[in-house]
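Take a look at the structure below.
In this chain, residues are counted from 1 in sequence order. Note that ligands are numbered from 1 as they come in the structure, with each ligand's atoms numbered from 1 the same way.
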Amino acid sequence: MAWVVEVDADKCTGDEECVNACPAQVLELVDGKAEPVNQDECLGCETCVEVCPEGAITVSED
Ligand code: SF4
């Protein structure tokens, strides 16, 4: 089972809430936007979804 993390770049403000909250270092800031650069490590915990004030992140099962 794999998790797919998607960031809506139009909503992302680059506040790094998800980058700092993710326990698996899945997300990094790239050119001012959060990107799931380490998606294989995702635990599916949805912490990033909960902390994002913009509702920019979705996590789903592959
Ligand atoms: S679901 Fe959890 S492990 Fe996956 S990117 Fe979000 S915070 Fe990180």
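- Listed by chain and number, the residues in a side chain to side chain contact (heavy atoms under 4.5 Å, CB included) with Asp62 are Ala2, Val4 (sequence neighbours excluded).
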In residues 36-61, what donor-acceptor pairs under 3.5 Å come from side-chain atoms, sequence neighbours left out?
unit_1: Asn38; atom_1: ND2; unit_2: Gln25; atom_2: O; d: 3.4
unit_1: Gln39; atom_1: OE1; unit_2: Val5; atom_2: N; d: 2.3

Identify each donor-acceptor pair in which a side-chain atom of residues 12-24 lies under 3.5 Å from a protein atom, sequence neighbours left out, and give them as a table.
unit_1: Asp15; atom_1: OD1; unit_2: Glu17; atom_2: N; d: 2.9
unit_1: Asn20; atom_1: ND2; unit_2: Glu16; atom_2: O; d: 3.1

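- Excluding waters, the count of protein N/O/S atoms less than 2.8 Å from atom 6 (Fe) of ligand 1 comes to 1.
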